Amino acid sequence: MGKSQIACRNLWKIFGPTPERVAAEITAQRTRAEILQTTGHVLAVRDVTFEVAQGEIFVVMGLSGSGKSTLLRCLSRLVEPTHGTVLVNGEEVTGMDERQLRQLRRHKMSMVFQRFGLFSHRRVLDNIAYGLEVQGMAKAQRLARAREILELVELTGWENHYPHELSGGMQQRVGLARALAVDPEILLCDEPFSALDPLIRRDMQNELLRLQKSVRKTIVFITHDFLEAVRIGDRIAVMKDGELVQVGTPEQLVAHPINDYVREFTRDVPRVKVLTARSVMRPVHAKDLLIGHAIAIDTTLEALIPLTVDNEAGLAIVDEQDDLVGFVDRRAVMLALAERGAGS
Amino acid sequence: MSMLRSSLLRRGEPAWQRRLPVGLAALAALLLLYHLFGQSLGEFPVAWNLQLREPLDAFKKWLVGSRSMNPLFLYGFDPLSGGVEWVIRRAEEFLLWLPWPTVGSVLFWVGLRVGGVQLGLLAIGCLGFMGGVGLWDASMQTLALMVASVSIALLVGIPLGIWSAHSDRGEAALRPLLDGMQTLPAFVYLIPVVLFFGIGRVPAVIAAVIYAIPPAVRLTSLGLRQVSEEVVEAGRAFGSTPRQLLYKVEIPQALPSILAGVNQTIMMALSIVVIAALVGAGGLGTVVLKSLRQLKVGEALEGGLAIVALAILLDRLTAAVRRGDEAGRGAAAVRRGWVPEGAVKRLMFGWRALPSSVRRHGWLWGGLLWGSAVSALCWALGWVDFPKEWNLSLAGPVDAAVRWAQLHLYRIGESGFGTGPVSDFMSLYILAPLRQLFAELLPWPALVLLAAAAGAAVGGGWLGLASGSSLLLLGALGMWQGAIDTFTQVVVAVLHVSVIGIPLGIWAARSPWVDRLLRPLLDLLQTIPTFVYLVPVIMLFNLGRVPGVIASVLYALPPLIRLTRLGIRQVDETAVEAATAFGSTPHQLLTKVQLPLALPQILLGVNQAIMMVLSMVVVAGMVGAQGLGLEVVDGMQNNRMGQSVEAGLAIVVLAVLLDRLTQALARR
Ligand SMILES: Nc1ncnc2c1ncn2[C@@H]1O[C@H](COP(=O)(O)OP(=O)(O)OP(=O)(O)O)[C@@H](O)[C@H]1O
Ligand SMILES: [Mg+2]
């Protein structure tokens, strides 16, 4: 991946009347529940560090109350972090004054909301143009730009309607269009599809992927639906009680969950679609019979299974450079399906 | 009743708190016995009087005398007064300078814009009526007072509301003030204002501003606080400045609530502007007051109806603005069948194709253009004043009708029925005995103890103490008799309101057609300012205490009916279903489930009814009903400031006492 666009170092957020004092008292051993009980403060984000690369879709997931929304809002300082730094393109967001912060929000970062957050008193077109309007762009120009974006999200013809006249899915397209209209580098999405029906949700996921192909934004995307995370995420971060528990590609999480909390999330994932040869192969032994085709390392189990069914010997796996890197046999595939990763 | 008692004797309260009311009541009974069979306890001791009257009169004298030198006047009240006077004068001159068809056609235009053809015609009808009864100039004077007071109230109230929405400290500071302001009858506001601003139109406007500010503040603040957090966050996330956030997001989102505040502000200001006839504000109120005093009932009715027309006009126009968003309005017009759907679509889409600035302000420009065109035409034709020939002249027939009513309805045939006997019955057998009970039979210390007992029973020791002391304060203000008189009228009126209102509310909750029938009637009743109710009642019942009571019953009915209906409607569906499943008859359902569950709402309705009755009974002082109202009016008209202030304070004490007692009862 490209260079780092967002970097977040030792970020803390504590809600309550005297967060600074509480921050000083916190030791690694004390759990969030204990802190809540003894100090009355909510430890929403606890010592979080991660980086997001340019053009990457970085998904944050976790149970309700695990601090996802708070973390996301700390990135643009809609919620003021108690401690830690946030860097965007190497610039320190946490050190910006009001004016710089506004410029950042106007030009670099946009946001999409769970219940859409549309302005019900504005027409679709004026909703989309809002970001440009507060920038001070001239009216004709911003409406023209809004029309372009409207076309991009396939809502042409709806510009003069009010949000309540649109279906949920269409409303979120408006939300997405509003965020894209200012042509930001970064898109922050807080459970944008959670309020939608499963079918519409799928449509919208595809829509996002389709848009991403053409616009190439850096996206931080929150969800509590692991299937959604797997579908759209390049990498996934799992949060629990304000902490990042594990960060990795969907496959890494499914194949090597760090603890039961993460494993619980991965349970419903169709493993055949997520796991690839990479996580089921074993090193090549001298006695392996290297006959037949070599298989690419990113082949999913779904594609791999038919190949191993009639193959007693097993398959050779090669990486992107066509070098031999591993070997897969029927037993390894079956064990992986039975939720015991290769090698375990 | 048993339910009430059981709730009064809740477990978990300390024993002394449960016994306190009983003890106090027992003490009161002992005093009564002593009073009856031993020595008379006499009147409230004169020695305890606070003696406010002379110092206040002296203060006023000094104030008036030092007016030309006092910096408070020179740099405070006088410039303020001058500014307000300037606004009123300009507004009045402008309204009277406009030819009458201009006012009509512009208001028609506004009505058309905000609510459709129906509303436009209603506006014309209302204005036509005002002109038709020969009160065009008086109406424009009142309208000018309204323009001045409402614009000042909004200029102050809306920013205060914004402040209180954004600052918790601001809200905490304003809330008790607003709560207090809403407890007091309109009338009371005139007293201190007159002290500093003399009589005339300025004090009327200032009192109206003060009285009408609370809803503007409250509903602005409420509306802004209710804007969805996510929407505000979206505004911030796109880099809005606080100002952009306020003007582009928060205020537009809160607009329905803010406009509801504007509507209430207008209606409250109207009620004061009308009562302010008492301090020489002029306009329609003065027409009514003068005619009532001279017992020219026909003219009073004309004035009263003109006020009602103005009230309806202002209320419906602002209420329509509140409801109307562009899409909703188009849809409503089509649904009503005013306009064929195709035409609307074409019009609306054509309309939307215009640049939005023209679209947004097009109505405004169109209205101005239209108004100027009409004006020019009228000046050319010399149609400026409302034509005298177009006279509805209600006064003559009404006076004849009143004479007829007095002759024939006063006592219908030999039957012994009629308004006279009703009035007599009420004053002889209800008002008088009750008044006698409070004023003569019960010695004053027993009343103080009973009030304390009531307070302690519904709200604990502190409320008991406060209630008892309030009564002592009434005595110390020298208003014991007046307060008892007013209180008696309130009790009688509230009993009537409850006996009529609660069953009607229940009926409306259970029968859709009763509901549909009552609703427009209640809407109308709630639009009419206090003072106007007195006119028809006096037509039928003459002067005295009774018309005040009857008018206040009419005035206070709507909120009780509404809240009773609402309370019963709001009873949880599942509770009703469960009761039905256990085989309750409709009657059992009502008495065992719905009424008990709706009781808090009903009590809230009674609370409101009490406050409204109180304000009306006080206003009735203007037409001669006894009690605190008369004391205020009398003081004002005879330049005895001290007396007015004492009576005004007594009204405040009584209002706060009754409000706190019934609210505590409703909370239990
Ligand atoms: N403004 C606030 N004041 C106090 N506590 C807050 C505030 N906002 C969030 N919290 C607390 O911080 C914790 C994390 O909240 P957050 O909204 O970030 O969780 P989340 O992971 O987004 O949950 P969900 O999936 O329900 O949206 C919760 O315990 C919440 O109660
Ligand atoms: Mg959240």
Side-chain angles (χ1 to χ4, degrees), chain A residues 69 72-73 75-79 98-123 125-136 139-140 143 159-165 174-175 178-179 181-182 184 186-191 195, chain B residues 168-169 223-224 226-259 321-332 334 344-362:
Chain A
S69 301
L72 188 79
R73 281 162 175 73
L75 298 183
S76 60
R77 280 180 52 199
L78 284 171
V79 166
E98 274 297 315
R99 232 195 65 255
Q100 292 170 309
L101 198 57
R102 257 201 306 276
Q103 291 306 318
L104 177 86
R105 292 176 185 162
R106 284 180 180 178
H107 299 283
K108 294 235 165 76
M109 290 179 140
S110 281
M111 194 157 167
V112 184
F113 297 86
Q114 179 168 3
R115 279 176 307 280
F116 321 139
L118 297 180
F119 305 121
S120 54
H121 61 286
R122 291 171 156 248
R123 300 173 306 157
L125 205 61
D126 296 323
N127 260 284
I128 297 176
Y130 185 83
L132 303 169
E133 186 178 331
V134 294
Q135 286 175 13
K139 184 155 196 170
L143 289 186
E159 43 271 66
N160 291 320
H161 287 255
Y162 284 86
H164 69 91
E165 298 168 326
V174 176
R178 181 177 63 176
V182 295
I186 298 167
L187 216 52
L188 305 177
C189 307
D190 188 1
E191 302 198 33
Chain B
D168 285 333
R169 210 173 314 151
L224 288 172
Q226 276 178 346
V227 175
S228 144
E229 227 171 281
E230 212 187 40
V231 168
V232 173
E233 197 170 43
R236 290 209 297 143
F238 283 96
S240 319
T241 60
R243 221 185 140 78
Q244 286 173 325
L245 194 65
L246 183 66
Y247 286 112
K248 290 177 193 287
V249 179
E250 293 182 297
I251 288 183
Q253 288 277 314
L255 206 57
S257 178
I258 296 176
L259 289 174
V321 172
R322 192 181 77 212
R323 276 191 302 269
D325 66 289
E326 222 165 326
R329 197 171 43 254
V334 175
V344 169
K345 277 235 170 87
R346 228 170 307 127
L347 219 145
M348 277 179 23
F349 283 112
W351 185 243
R352 280 183 177 146
L354 291 173
S356 83
S357 60
V358 175
R359 201 176 53 236
R360 199 163 305 146
H361 304 295

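Labels below follow one simple rule: chain letters A, B, ... track the order of the sequence lines, proteins then strands, and each chain is numbered from 1. All values derive from a computational prediction rather than experimental measurement.
Annotation for A/Leu118 and B/Val231: closest pair O-CG2, 3.4 Å, computed over non-hydrogen atoms. Between A/Val134 and B/Ser240, the shortest heavy-atom contact is CG1-OG, 3.8 Å. Taking all atoms of both residues into account, the shortest heavy-atom contact from B/Ala234 to A/Gly117 is CB-O, 3.5 Å.
Residues forming a ring pair (Phe, Tyr, Trp, His ring centres under 6.0 Å) with A/Phe116 (at least two apart in sequence, or on another chain): none. For the side-chain hydrogen bond (donor to acceptor under 3.5 Å, both in side chains) test, no residue two or more places apart in sequence or in another chain qualifies with B/Ser257.
Residues of residues 100-108 of chain A lying within less than 4.5 angstrom of chain B, judged on heavy atoms, are A/Arg102, A/Arg105, A/Arg106 in numerical order.
If you measure heavy-atom distances from B/Ser228 to chain A, you find no contacts under 4.5 Å at all. For A/Ser76, no part lies under 4.5 angstrom from a heavy atom of chain B. With a threshold of 4.5 angstrom between heavy atoms, A/Gln114 approaches chain B through its backbone and through its side chain.
Considering only heavy atoms from C-beta on, B/Phe238 stays 4.5 Å or farther from A/Met111 through its side chain. The side-chain heavy atoms of A/Tyr130 and B/Val249, taken from C-beta on, include a pair separated by under 4.5 Å.
Chain B forms the most heavy-atom pairs under 4.5 Å with one residue out of A/Ser120, A/Ala140, A/Gly175, and that residue is A/Ser120. Contact count against chain B (heavy-atom pairs under 4.5 Å) is highest for A/Arg178 among A/Arg178, A/Arg99, A/Arg122. Listed options B/Thr241, B/Val227, B/Val232, B/Leu245 were ranked by heavy-atom pairs under 4.5 angstrom with chain A; first place goes to B/Thr241.
Within the structure, the salt bridge (charged side-chain N to carboxylate O under 4.0 Å, His left out) test picks out the following pairs touching residues 232-248 of chain B (sequence neighbours left out): A/Arg73-B/Glu233, A/Glu133-B/Lys248.
A donor-acceptor pair is defined here as one N or O able to donate and one able to accept, closer than 3.5 Å; no such pair exists between the side chain of B/Gln253 and the backbone of A/Phe119.
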